[in-house]
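Numbers restart at 1 for each chain; the letters A, B, ... are given by sequence-line order, proteins then strands.
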Number of protein chains: 2
Amino acid sequence: MGDEPLEHHLDLLWGRGSATGRGRPARTTREQVVAAGLARADAGGLEELSMRALAADLGVGVMSLYTHVESRDGLVALMIDQAFAEVTDGLYPRAGEPWRAAAARQARTLWGFYARHPWILGQGSRLPMGPHVLAMEDAFYAPFLDIGLTAVESANAAIALRSLVTGLARDSTSEQDQSRRTGVGLYEYWSSINAVFWDRYFEQEHYPSMTRLWYEGGFEGDDVIAEEGILDRAVGAYLDGIATRVTRTGGPS
Amino acid sequence: MGDEPLEHHLDLLWGRGSATGRGRPARTTREQVVAAGLARADAGGLEELSMRALAADLGVGVMSLYTHVESRDGLVALMIDQAFAEVTDGLYPRAGEPWRAAAARQARTLWGFYARHPWILGQGSRLPMGPHVLAMEDAFYAPFLDIGLTAVESANAAIALRSLVTGLARDSTSEQDQSRRTGVGLYEYWSSINAVFWDRYFEQEHYPSMTRLWYEGGFEGDDVIAEEGILDRAVGAYLDGIATRVTRTGGPS
DNA sequence: GATCCTTTCGGTACACCGTCTGGAAAATCA
DNA sequence: TGATTTTCCAGACGGTGTACCGAAAGGATC
């Protein structure tokens, strides 16, 4: 009656391990389980992360994993929080760094992070409220303080910047993830698609804007592997808009 | 040897049904299957969409579904494309509508669309190349033509706007989706989390930016149900940035 | 050292999933 | 009528997450 699952969930996330020292000792630490899960997800996506395979990696019985995590979803939550640990330190604005440069650098950092762990973008649920996720969010708020925005505006500006990077990262990395799942390589997939698609299915008159941009070269070098150009452009435009509001509101710095 | 799976996939998406008229007639059309799948996903999320349950909804054997769709993933692709059909018509800029107003309206429309079909945000793979998805994308390119941007800039601007809305929608609707999955209602989930969290786990000195914004009211009315204010603000800032570039480049209109 | 207590270990089992198989059923064509 | 073509669908297979529960292994106490 005293253990609600919600508290247990957060307890795990915040490392409130009992660790009484009594009873049979565990052959494995929670850190090891999470690290093995991270390695598996980074290598083959979240779908390669089955409890049986993970237990085999660790040389442990399947159900032994459940002494450290309450469920597979709980494990994924721990993995996500742990993954963000690698990036939170470098995310805070440096001393004397202008707010716009700091925000742009954060966007690049988050972009690179998602490129390394694309499986985090895969599932639709919100990020778990773990210490490192919170640290990441906290860092994103920092550049927008004391630049002449109201509190709500600052919060929204940071959230939107995160969402912009997340959305772009999702669009660009999902191809790689999908190719790994289906086993069809990225390159042959797109080349075969492109070879067949435009001739056979595409009817130009139905899609005038795309057709025009296509012939004007709007999609060159951007279709297969989404590079960082689009990120810089989008973040730049967004921060320009924020800068407009800052000066309009009469903010300092 | 003539039927590659890729072509088959696109054939389904583009409605190249054979329909010879011979053989035993199907008790069900592909439209019915897709509609039933949409109803199920809208009601209970993608996880409630099992082939067995869907077949039971239609009063049909499980394997009969596979005469219309090649796999569950293929069915989801059809569902996504079909879902976008409800929104593509109103998405194109109207006659005489300024590009900025058209883009803002598109963002609102897409936002509402994702609120109605949050499961589309759930899986990480890119949108299927169906006729309605392409129409949606085509419409998003339209406002950014002929405003003084290069082709690449126009394409990137449209893609980024879509990604911004998608990212924000994902952040705000994932809560509802998650609550439906876990069975814990949205409201009691967040109230219990908030009641326990801030007192028990949160250590203010570790998260200075969030703490400041919290006490300054930056999160008021925005935490539980993300309303449209953040969307309008973010899209407004982004389009302001685009407008800056337009005039900087010396574009017309 | 013997006993109790507490904790982890892990084999087994269950429900559920997507989908392959293959024979039966039902329509059209010759 | 017979041949052909297509759909229907019960059953089975290998996969998943995880509940159950006795066995095992350490510390604490006597």
Between His68(B) and Gln32(B), is the side chain to side chain contact (heavy atoms under 4.5 Å, CB included) condition met? List the steps. CA-CA 10 Å; His68(B) 298 300; Gln32(B) 287 172 351; over 6 Å; no

Is the distance from OP1 or OP2 of dG10(C) to the nearest side-chain N or O of Ser64(A) less than 4.0 Å? yes

Does the pair Met136(B) and Phe113(B) meet the rule for a side chain to side chain contact (heavy atoms under 4.5 Å, CB included), with working shown? CA-CA 11 Å; Met136(B) 180 274 291; Phe113(B) 171 81; over 6 Å; no

Would you check if the distance from the ring center of Tyr207(A) to the ring center of Tyr141(B) is below 6.0 Å? no

Are any of the side-chain nitrogens in Asp57(B) or Arg40(B) under 4.0 Å away from the carboxylate oxygens of its partner? yes

Give me the atom names and distance for the closest heavy-atom approach of Pro128(A) to Ala77(A). CG-O, 3.5 Å

Can you measure Arg27(B) atom CZ to dA25(C) atom P for me and round it to whole angstrom units? 15 Å

Check step by step if side chain to side chain contact (heavy atoms under 4.5 Å, CB included) holds for Leu110(B) and Phe140(B). CA-CA 10 Å; Leu110(B) 189 62; Phe140(B) 262 82; 3.7 Å; yes

Are side-chain N/O atoms of His117(A) and Glu86(A) paired as donor and acceptor at under 3.5 Å? yes

Once each nucleotide of nucleotides 22-30 of chain D is scored for protein heavy atoms under 4.0 Å, what B/S/- sequence comes out, 5' to 3'? --BBBSS--

Under a 3.5 Å distance rule, please check whether Arg27(A) uses its side chain to pair with a backbone N or O of Gly59(A) as donor and acceptor. yes

Pick out the pairs of N or O atoms, protein on one side and nucleotides 17-23 of chain C on the other, that lie under 3.5 Å.
| unit_1 | atom_1 | unit_2 | atom_2 | d |
| --- | --- | --- | --- | --- |
| dC17(C) | OP1 | Ser50(B) | OG | 3.2 |
| dG18(C) | OP1 | Arg72(B) | NE | 2.8 |
| dG18(C) | OP2 | Met51(B) | N | 2.9 |
| dG18(C) | N7 | Arg52(B) | NH2 | 2.5 |
| dG18(C) | O6 | Arg52(B) | NH2 | 2.6 |
| dT19(C) | OP2 | Tyr66(B) | OH | 2.8 |
| dT19(C) | OP2 | Arg72(B) | N | 2.9 |

